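Here the structure comes first, spelled out in structure tokens, and everything after it is commentary.
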Amino acid sequence: MKTRIIVTPMAYLTGVSEDLLDKRYDDNDELLKKLRSDDDAGRIRHLCMIRNEIMKDFMYFVDNMDRFSYGFGRGLDGIERTKESAEWLRSHGTEVCLTGKKVNDHQIHINELIAQNINSVRKYFGEDINFEYIRDLFVIPRYKQIENIKKEARTFCNYSLHGFYPFGRYLHWSPCDNGLIFDNDLHFLDVVYSQHNDRYMTPWNYTDADADIQGCISDYIENAAGNVHMYVDSENVDIYQLVSMLEALDGTVRERIGKIIVIRDKNNHQGWQLISSRIGIKVEHHHAVRIIDGKSSVDPDLMLDAANDFHENNVRSIIIISSDVDFSSLIRKVKASYLVFYQRNKISTRTLDFYRENGVQTVALNEFAAHRSESFKKQVFRQEIIRFFKEQFMLNGMEIANKINTLTSMHLSDTELKNYYKKYIKGSMIGFGENGEFTVSIPN
């Protein structure tokens, strides 16, 4: 099942009507609610709505703005078609009505405002997407030259081409029959990238588990006898695919999972510590022993923990997150109900055959759209930066000041040293250039 996490913002930003948004994108109610409460998104939406109206009926605006009452006529806030958007923009700090200016001046102004503000909606498009391609759909090149805007308007209003614009909303692109490009994310990305002679290379980010798979998981968890625990083999699973799967589950289904037991090495990255706050399920961390490099006690620990919970804690439904075949002993010896999540690139056909022969339900984590874990990835990345910096930069700021004082033989007094620290060290900013080079900015 293809996702609509990108095309929903595109439909909103380009000005698709509210009733159509509710009708066509009702699977993304929460995202629509977020867009509607976001002033940045609203600003682009209303600017695009005004541009759309002027482009599709330029002479109507000339009659109302340039020729009315022997001179300059109504402003955009006085014309029925654009009044609501102009007033919304004014109330949110963006003025689109230029005193004493004609339609062409307003067209340039509207396009300039779109170009200045489009980066504010970057947050609605994943890090895997080239945002310059998205920006290009909104920004007309050389928009200060009115002939370029008029050229785009003539193409947009061309009877034979107008039907190629999604929902009749203007985009800066080469219109052609590409079907419903606002229907799903993968089709949209394929078309947009092809317009730039490029190809979108990570389709799994926007391909989600279908209703049958979701239903299979929900039925297993909701109808489970006894307690439901999930056991995670941290050495044999991608945490981001795991989070994508858990994010996809209905909230009531997640609540049925009593706890998640993560069997892991104490040196694993920060993501495992953050997972509980992300998914709202209690997570226990059981640290495995690593006796020799490349071999730990993760697998036997997982089996022993699951067996112990079965016998002592009424856990009758065991969910295993691993692609390892080593859990065959658990499945054969402990007569619980099992559900196994695995990764396609890490499991053998023989292992899947074993599960099928023993009546174990299996689901590939790869089925779930990877975009669900994008914000989690950013959270983990930030935490690892903090940890790395703390490990690399062990010096205290006052220690640096003291070392420089000694090195330079300045013999600063305590007061001078503290003032030098506050002015030059405390306010310093470290950074990295475009190619990763280390930079330091020190106040004057």
Side-chain angles (χ1 to χ4, degrees), residues 226-246 254 257-348 350-352 354-355 358 360 362-366 368 373 376-377 379-381 383-384 386-388 390-391:
N227 295 324
V228 181
H229 284 185
M230 181 179 288
Y231 302 85
V232 180
D233 171 5
S234 67
E235 292 186 335
N236 219 327
V237 68
D238 184 316
I239 188 174
Y240 308 107
Q241 289 185 337
L242 171 61
V243 168
S244 293
M245 181 272 288
L246 292 169
R254 281 205 301 267
I257 302 172
K259 70 173 69 170
I260 299 175
I261 296 92
V262 178
I263 317 296
R264 67 186 188 90
D265 189 300
K266 64 180 181 180
N267 296 318
N268 284 146
H269 63 73
Q270 296 288 299
W272 294 105
Q273 297 288 353
L274 298 170
I275 194 171
S276 180
S277 61
R278 175 74 187 197
I279 59 177
I281 303 174
K282 180 181 178 182
V283 177
E284 284 186 6
H285 299 273
H286 294 185
H287 293 302
V289 176
R290 185 170 296 281
I291 300 172
I292 59 174
D293 290 342
K295 196 65 179 174
S296 75
S297 65
V298 167
D299 292 353
D301 282 4
L302 188 153
M303 286 188 283
L304 288 170
D305 284 343
N308 183 68
D309 284 340
F310 175 82
H311 290 294
E312 297 186 10
N313 298 315
N314 192 35
V315 174
R316 293 293 177 265
S317 299
I318 296 174
I319 302 174
I320 297 174
I321 314 292
S322 178
S323 303
D324 205 324
V325 73
D326 291 349
F327 308 115
S328 58
S329 296
L330 175 69
I331 291 168
R332 287 187 293 106
K333 300 293 184 180
V334 177
K335 301 306 178 183
S337 171
Y338 293 93
L339 172 62
V340 174
F341 288 89
Y342 65 91
Q343 288 175 232
R344 290 199 190 99
N345 59 323
K346 290 188 175 182
I347 198 166
S348 68
R350 183 68 193 94
T351 300
L352 289 173
F354 168 81
Y355 288 139
N358 286 272
V360 175
T362 60
V363 178
L365 287 171
N366 313 68
F368 298 88
S373 64
F376 178 66
K377 285 182 179 179
Q379 186 181 9
V380 173
F381 199 88
Q383 289 297 317
E384 286 298 320
I386 293 170
R387 184 170 76 160
F388 184 83
K390 284 182 176 179
E391 290 174 352

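Residue indices begin at 1 and follow the sequence shown. Since the structure is predicted, the reported quantities are computational estimates derived from the model, not experimental observations.
Checked against salt bridge (charged side-chain N to carboxylate O under 4.0 Å, His left out), R350 has the following partners two or more places apart in sequence or in another chain: E357. Partners of R316 under the salt bridge (charged side-chain N to carboxylate O under 4.0 Å, His left out) rule, at least two apart in sequence or in another chain, do not exist in this structure. Every side-chain contact (heavy atoms from CB on, under 4.5 Å) that Y338 has, sequence neighbours left out, goes to I318, I320, L330, I331, V334, A336, V360. Here S244 pairs with F368, R372, S373 under the side-chain contact (heavy atoms from CB on, under 4.5 Å) rule; sequence neighbours left out.
In this structure, the separation between CZ on R254 and CE on M230 is 10.5 Å, given to the nearest 0.5 Å. With rounding to the nearest 0.5 angstrom, the CG atom of L242 is 6.5 Å from the CD1 atom of I279. Taking CG of L274 as the start and CD of E384 as the end, the distance is 8.5 Å to the nearest 0.5 Å. Taking NE2 of H286 as the reference point, atom OG of S297 lies at 12.0 Å (rounded to 0.5 Å). Of the inter-residue distances, the one linking I347 atom CD1 with L352 atom CG reads 4.0 Å to the nearest 0.5 angstrom. Between the OG1 atom in T362 and the OH atom in Y355 there is a gap of 8.5 Å [rounded to 0.5 Å].
Listed by first and then second residue, the salt bridge (charged side-chain N to carboxylate O under 4.0 Å, His left out) pairs involving residues 331-348 are R344-E367 (not counting sequence neighbours). Annotation: salt bridge (charged side-chain N to carboxylate O under 4.0 Å, His left out) contacts involving residues 301-311, sequence neighbours excluded, are absent.
Checking side-chain atoms of N313 against main-chain N and O of V315 turns up no donor-acceptor pair under 3.5 Å. Counting only distance, with no hydrogens or angles, the side chain of N358 and the backbone of F354 share a donor-acceptor pair below 3.5 Å.
Listed here is the closest heavy atom pair of G271 and V380: CA-CG2, 3.6 Å. Y240 and K377 get closest at one heavy-atom pair: CD2-CG, 3.5 Å.
D233 has its side chain out of reach of I263: every pair of non-hydrogen atoms, C-beta onward, lies at least 4.5 Å apart. A 4.5 Å side-chain heavy-atom check between V262 and I321 finds every atom pair outside the cut-off. Counting only heavy atoms from C-beta outward, the side chains of K259 and I261 approach each other to under 4.5 Å. With contacts defined as side-chain heavy-atom distances shorter than 4.5 Å, the pair L365/D238 does not qualify. Considering only heavy atoms from C-beta on, N366 comes within 4.5 Å of Q343 through its side chain. Using a 4.5 Å cut-off on side-chain heavy atoms (C-beta onward), S322 and F327 make contact. Side-chain contact between I319 and H229 is absent, with no heavy atoms from C-beta onward closer than 4.5 Å.
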Go through it in stages, so that I can follow the logic: the residues are V243 and R278, the test is side chain to side chain contact (heavy atoms under 4.5 Å, CB included), and I'd like the CA-CA distance, side-chain angles, deciding distance and then a yes or no. CA-CA 8 Å; V243 168; R278 175 74 187 197; 4.2 Å; yes
Pair R264, V232 - check side chain to side chain contact (heavy atoms under 4.5 Å, CB included), show working. CA-CA 8 Å; R264 67 186 188 90; V232 180; over 6 Å; no
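Taking the six-membered ring where the residue is Trp, H287 and H285 present parallel rings, their angle staying beneath 30° rather than reaching 60°.
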